Amino acid sequence: MPEPDRLRSLPSVASLLEAQEIRRILRKTPRAVVVDAVRRVLSAFRREAAAGAPSRSREEWTALLVSRLPAEVAAAEEPSLRRVINATGVVIHTNLGRAPLPEEGIRAVSLAARGYSNLEFDLASGGRSSRLVHVERLILGLTGAESAHVVNNNAAAVLLCLAGLARGREVLVSRGELVEIGGSFRIPDIMAESGASLVEVGTTNRTRLRDYENAATARTALLLKVHRSNFSVSGFTEEVSTAELSSLGARLGIPVMEDLGSGAIFDFSAAGIPGTPTVRQALSHGPGIVTVSGDKLLGGPQAGIIAGRKELVDPLKKHPLSRALRIDKLCLAALAATLALYADERRAAASVPVLAMMTEGEGAVRARARKLVRRVRKAGGAGLLLSIERADSSPGGGAMPEVRIPTACVAVSHPGMRVEDLEETLRRGDPPVVARIAKGKLLLDMRTVRDGEVADLAAALLAALSAG
Ligand SMILES: *Cc1c(COP(=O)(O)O)cnc(C)c1O
């Protein structure tokens, strides 16, 4: 039968909405949601008919639609943004939302969200104030900077600095640092948007102080150093340290800026994880201004922090772009609460999730892996083959590209199920679990799975098997 004939008996949306079963759904679901769901199922029928599905009577089509509709409606009512269990071992996973907030940050967000606040209101004088006051003092105390500004994210911080300090003039950057950070943040593009002109110095693998010196002219507004973040250069390489660049800048009277990317407040090297200086250490090498992300190694909300010398940072606070790039009150609340935890490094290491995950010992991660295995086995195991394997977690977020943190993974396989299917079923489950496949096994890295998620993860594994 040709396709149009096969579809002749397909019921109309209007007639379907009169069907008994659908009227029942309409009693508890908004009409628009049901109509959309009906339309989606009907389009699926048309596609199936085009692909050669058998012809059906009107009653058969209706029955089939009624059987599919509840799942379609449920899917439509599910919020798009959902909690996910991160079993990838990538601590700062940009696609999974980067840093989970500390409890203190979550409480601050909820307080600021629920009602009014003194966001830009000085309670002492009754006059207008700046939202910056809630974080600037904390940043100065933690970094030793003279002045600090906070915007929407670090990309915005870099854009604002370049626009405010170098619009219409030149900025020198090493060719080896013209980086692209995930999500289309490219230094040359940001530079173009800021109105500053990029002057590349040195080569991809080697840049010397002389290269900057030779390129500096009366039009040079800034010497910029960019943290490479998501890659490293090895072999025949040479780069100019921030300290050297800063002395050159001082000699030539040109400010030096460093985009640290994920710069930390916590001293990871003291915890045995080398690779990222603290913002305080970075500033001690002499740049006039540095920029960092709030939701990378700092472990707070999305934000961009600009810290440095007063004469460079203060004018940026009044720059017209500052208004367009300003941090919202919920992120500001979370940032203030997160920064406050750093007054005591030990407390920060325990209560800022990114720090806790980064610094947790392999033994503790292994204990969590054993807990998961015990739980699944206790529930019958469903034929799953489970073992605990050593592997490496990574900081992610372009924070420390070379750093690997020894971790414990639960390796999962099932004789009756392809590992790719297991991975997909877990990813599409509730809550979704994101894991990786290595050497034919599914690896659940327990470093990024928190204690409170072990029960859910066990349940998700068992459910995946009954689904698969
Ligand atoms: C991550 C990163 C950025 C972008 O920061 P966002 O907070 O994601 O906007 C910029 N520069 C460097 C070096 C980075 O690592």
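What you see is a predicted model, and the numbers here were worked out from it, not measured in a lab. For ligands, and for the atoms within them, numbers begin at 1 and follow the listed sequence.
In this structure, the side chains of Val279 and Val290 come closer than 4.5 Å at one or more pairs of heavy atoms.
Heavy atoms of Arg186 found under 4.0 angstrom from ligand 1: none, in either backbone or side chain. Contacts of Lys296 with ligand 1, taken as heavy-atom pairs under 4.0 Å, involve the side chain alone.
Geometrically, ligand 1 and Gly261 share no nitrogen or oxygen pair separated by less than 3.5 Å.
At a 4.0 Å cut-off, at least one heavy atom of Asp259 sits close enough to ligand 1 to count as contact. Residue contacts with ligand 1: Arg98 is included, with a non-hydrogen atom under 4.0 Å away.
Note on Arg309 versus Glu146: no salt bridge recorded, every NZ/NE/NH1/NH2 to OD/OE distance being 4.0 Å or above.
Heavy-atom proximity to atom 10 (C) of ligand 1, evaluated over Asn154, Leu298, Leu260, Val292, is greatest for Asn154.
Side-chain N/O atoms of Gln281 and Ser284 include no donor and acceptor closer than 3.5 Å.
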Could you walk me through whether Arg370 and Ile388 pass the side chain to side chain contact (heavy atoms under 4.5 Å, CB included) check? CA-CA 7 Å; Arg370 279 199 296 268; Ile388 297 177; 3.4 Å; yes
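Under the side-chain contact (heavy atoms from CB on, under 4.5 Å) criterion, Lys371 pairs with Arg374, Asp451, Val454, sequence neighbours left out. Glu193 meets the salt bridge (charged side-chain N to carboxylate O under 4.0 Å, His left out) test with no other residue; sequence neighbours excluded.
Atoms of ligand 1 found under 4.0 Å from any heavy atom of Phe185, numbered from 1 in the order shown, are 10 (C), 11 (N). Which parts of ligand 1 touch His227 is read off a 4.0 Å heavy-atom cut-off, strictly below it: atoms 13 (C).
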